[in-house]
Structure formats: C-alpha cells, structure tokens
2 protein chains.
Amino acid sequence: MNEKEIATIFKAFCDENRIRILLLLLDGEKCACRLLEEMNITQPTLSHHMKILCDSGIVVGRKDGKWIHYSLSDEGIEKAQKFIEFLRRK
Amino acid sequence: MNEKEIATIFKAFCDENRIRILLLLLDGEKCACRLLEEMNITQPTLSHHMKILCDSGIVVGRKDGKWIHYSLSDEGIEKAQKFIEFLRRK
DNA sequence: ATATCAAATAGATGAATTTCAATGTGAGGT
DNA sequence: ACCTCACATTGAAATTCATCTATTTGATAT
C-alpha cells in the first residue's frame with residue numbers, strides 16, 4: 001500500500017457530501033435514488049460521488065435490475081481503520 | 001461534529017504528499033527543514049501542507065526559536081479513529 | 001418496438017487545490 | 001545594526017474537483 005493508494009481510500013472522507021452519504025448508509029443498504037431524495041444534489045453529481053466512494057473501497061454497490069444498492073464495506077472501512085491505527089503506534 | 005468538520009479532519013489523509021509527511025513523522029518529531037530534505041517539494045509547498053495537517057488536528061507544531069517541530073497528535077488521530085469506528089457499528 | 005425508469009457518461013464551468021518563485025517575518029548570531 | 005536561517009505569506013499558473021445540463025445506456029414493463 002503506497003501513499004497514492006492510501007490517499008485514494010481517504011478521498012471518501014474528505015468531502016462534505018460524501019460524509020453525508022456515508023452517514024445515510026449507516027441505516028443499511030440504500031439505492032442511489034433513495035440517497036438522491038435525501039440529498040440536495042443532482043443525479044449526475046451523486047453518481048460522481050458514488051464512483052469516488054466505490055473506488056475508495058469504503059462503499060460497495062450491488063446491482064439489482066435497474067437499481068444499484070449501495071452499502072458500507074466492512075473490508076474497506078477496516079483498511080482505513082488499520083492505517084489510522086498504524087499511525088498511532090509510536 | 002458536523003459533516004464539514006469531519007471532512008476537514010480527513011483532508012490530512014487525502015493527498016499523497018501529506019501521507020508521505022505523516023509517515024515521516026512516525027519516527028517522531030521533526031522540524032520542517034528535516035521534512036523538506038526528505039521530500040521533493042519546495043519550502044512554500046511544504047508550508048502549505050503543514051498548515052492543512054495542523055488545521056486537521058492530526059499534526060501539531062511546537063515552536064522552538066526559529067524552528068517548528070512537527071509531530072503526530074494523538075488527540076487528532078483519535079478523533080479520526082472514532083469516526084471510522086462509528087461507521088463500523090452497524 | 002416503445003416507453004419508462006435508474007444510473008452512467010460527456011462536456012462545460014466555476015471553485016478549490018497544488019505548486020512554484022518571490023518576498024516578508026521573526027529569531028538568533030556577529 | 002546587519003546578516004543569516006527557518007518558516008510564512010503573496011500572487012500567479014496549472015491542475016484537480018464539484019457541479020450542472022444534456023444525452024446515453026441498460027433494464028424492465030406494456
């Protein structure tokens with residue numbers, strides 16, 4: 001895991017709207033259209049943020065017909081957690 | 001802690017050079033000039049990144065004459081850790 | 001096949017970020 | 001007082017990012 005990969009993981013957390021999305025996903029899986037209802041952004045903007053969140057590994061999408069159900073990824077979150085823990089061991 | 005504050009904390013981790021700096025600080029306190037030696041950026045660029053790192057709370061600077069000694073901040077890192085942990089409790 | 005709905009993509013725009021060269025500031029040292 | 005060293009600030013250029021409108025894709029239903 002190099003510096004670039006680590007930065008990509010944490011891109012998930014460095015935008016206000018993406019934090020908002022993560023908090024919405026705490027309730028459990030939600031499709032993009034549900035998220036869209038609860039946010040004040042357009043559909044393409046949401047799509048953009050979902051791509052960054054998925055690229056970071058913090059969120060995963062499950063395709064189901066024309067819907068995509070997004071949820072938090074334990075593995076992704078664990079990766080982020082591991083790095084933060086690593087910083088603390090001094 | 002609102003979405004904006006959380007995003008500000010994690011700004012520390014979403015740039016390649018800042019991750020590099022954090023890793024260098026794992027060894028312990030270092031002054032800016034030491035960090036500068038080990039990075040391939042100019043002094044003003046380093047100064048810019050140090051500001052973002054300090055604003056995020058992940059790094060603290062200790063002034064000592066004309067030097068500033070930077071180190072990782074346990075409190076800051078703990079804050080980040082708490083948020084990530086919060087995401088995992090589902 | 002057509003219509004409809006969910007989501008992605010393309011393209012544009014403005015804002016934010018990264019970076020550098022030049023300059024300023026402030027603390028020691030001579 | 002002057003010089004030097006460590007760092008910050010300014011201002012500008014280049015890049016990246018967030019956002020929008022418009023359009024496309026892909027899946028389901030009629």
Side-chain angles (χ1 to χ4, degrees), chain A residues 2-25 28-73, chain B residues 2-25 28-73:
Chain A
N2 60 28
E3 287 93 348
K4 202 166 192 167
E5 288 170 330
I6 294 169
T8 300
I9 292 173
F10 286 98
K11 287 259 159 69
F13 305 112
C14 66
D15 175 89
E16 223 177 313
N17 278 320
R18 290 197 286 273
I19 294 289
R20 186 95 190 286
I21 293 165
L22 293 176
L23 294 176
L24 288 171
L25 290 179
E29 207 178 54
K30 279 187 183 175
C31 70
C33 51
R34 281 286 305 282
L35 292 170
L36 192 56
E37 283 172 7
E38 315 208 41
M39 312 252 325
N40 229 6
I41 54 176
T42 62
Q43 179 269 319
T45 300
L46 178 66
S47 189
H48 164 75
H49 286 303
M50 296 323 290
K51 177 157 175 38
I52 291 170
L53 286 169
C54 288
D55 287 351
S56 77
I58 300 297
V59 165
V60 282
R62 180 177 65 82
K63 198 161 185 184
D64 165 32
K66 46 184 174 167
W67 290 277
I68 298 179
H69 301 281
Y70 290 104
S71 54
L72 297 174
S73 159
Chain B
N2 61 29
E3 287 93 348
K4 202 165 193 167
E5 288 170 331
I6 295 169
T8 299
I9 292 172
F10 285 98
K11 287 261 159 69
F13 305 111
C14 66
D15 176 88
E16 224 177 311
N17 278 320
R18 291 196 287 271
I19 294 288
R20 186 94 189 287
I21 294 166
L22 294 176
L23 294 175
L24 288 170
L25 290 178
E29 208 179 52
K30 278 187 185 175
C31 70
C33 52
R34 282 285 307 282
L35 291 170
L36 193 57
E37 284 172 7
E38 314 207 41
M39 312 251 328
N40 231 4
I41 55 178
T42 63
Q43 180 269 320
T45 300
L46 178 65
S47 188
H48 163 76
H49 286 304
M50 296 324 288
K51 176 156 177 38
I52 290 171
L53 287 169
C54 289
D55 287 351
S56 78
I58 300 297
V59 165
V60 283
R62 180 175 65 82
K63 197 160 185 184
D64 164 32
K66 45 185 176 169
W67 290 277
I68 298 180
H69 301 281
Y70 291 104
S71 54
L72 297 175
S73 158

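A, B, ... follow the sequence lines: proteins, then strands. Residue 1 opens every chain.
In this structure a side-chain-to-backbone donor-acceptor pair under 3.5 Å is present from A:R20 to A:E38. B:S47 places no side-chain N or O within donor-acceptor distance of the main-chain N or O of B:Q43, the cut-off being under 3.5 Å. The main-chain N or O of B:E5 is found under 3.5 Å from a side-chain atom of B:N2 such that the two form a donor-acceptor pair.
An OP1 or OP2 oxygen of C:dA8 is reached within less than 4.0 angstrom by a side-chain nitrogen or oxygen of A:S47. Between B:T45 and C:dT19, a side-chain N or O to OP1/OP2 separation shorter than 4.0 Å is absent. A sub-4.0 Å separation between OP1 or OP2 of D:dT19 and a side-chain N or O of A:H49 is present. For the pair A:T42 and D:dT19, the criterion of a side-chain N or O lying under 4.0 Å from OP1 or OP2 is not met. OP1 or OP2 of C:dT19 sits under 4.0 Å from a side-chain N or O of B:N17.
Looking only at side-chain heavy atoms (C-beta outward), A:H49 and A:T45 come within less than 4.5 Å of each other. For the pair B:W67 and B:C33, the minimum side-chain heavy-atom distance is below 4.5 Å. By the 4.5 Å heavy-atom criterion applied to side chains, A:I6 and B:F13 are not counted as neighbours.
The separation between A:M50 atom CE and C:dA6 atom P is 16 Å, rounded to whole Å. In this structure, A:E16 atom CD and C:dA15 atom P are separated by 17 Å, rounded to whole Å. Remark: C1' of D:dT16 and NZ of B:K11 are 13 Å apart, rounded to the nearest angstrom. Between B:Y70 atom OH and D:dC7 atom P the separation is 7 Å, expressed in whole Å. What separates NZ of B:K66 from P of D:dA8 is a distance of 14 Å, to the nearest Å. Note: CG (A:L46) to C1' (D:dA18) measures 13 Å, nearest angstrom. Between B:D64 atom CG and D:dC5 atom P the separation is 18 Å, expressed in whole Å. Rounded to an integer number of Å, the gap from A:I68 CD1 to C:dC5 C1' is 13 Å.
Nearest-nucleotide assignment on DNA chain C puts the 5′-proximal partner with A:A32, out of B:G65 and A:A32. Residue order along DNA chain D, read from the 5' end via each residue's closest nucleotide, puts A:N40 first among A:N40 and A:W67.
Within 4.0 Å of B:R34, counting heavy atoms only, lies no atom of the nucleic acid at all. Using a 4.0 Å heavy-atom cutoff across all strands shown, B:I52 reaches sugar-phosphate atoms only and no base atom.
Candidate nucleotides C:dT18, D:dG26, D:dT21 were compared by shortest atom distance to the side chain of B:H48, and C:dT18 ranks first. Taking every side-chain heavy atom of A:I41 into account, D:dC20 is the closest of D:dC20, C:dA6, C:dT18. When each of D:dA18, C:dA6, C:dT18 is scored by its nearest atom to the side-chain atoms of A:D15, the top-ranked nucleotide is D:dA18. Out of D:dA18, D:dA6, D:dT10, the shortest distance to the side chain of B:P44 is found at D:dT10.
Counting distance only, with no hydrogens placed and no angle test, the side-chain atoms of A:Q43 and the base atoms of C:dA8 include a donor-acceptor pair under 3.5 Å.
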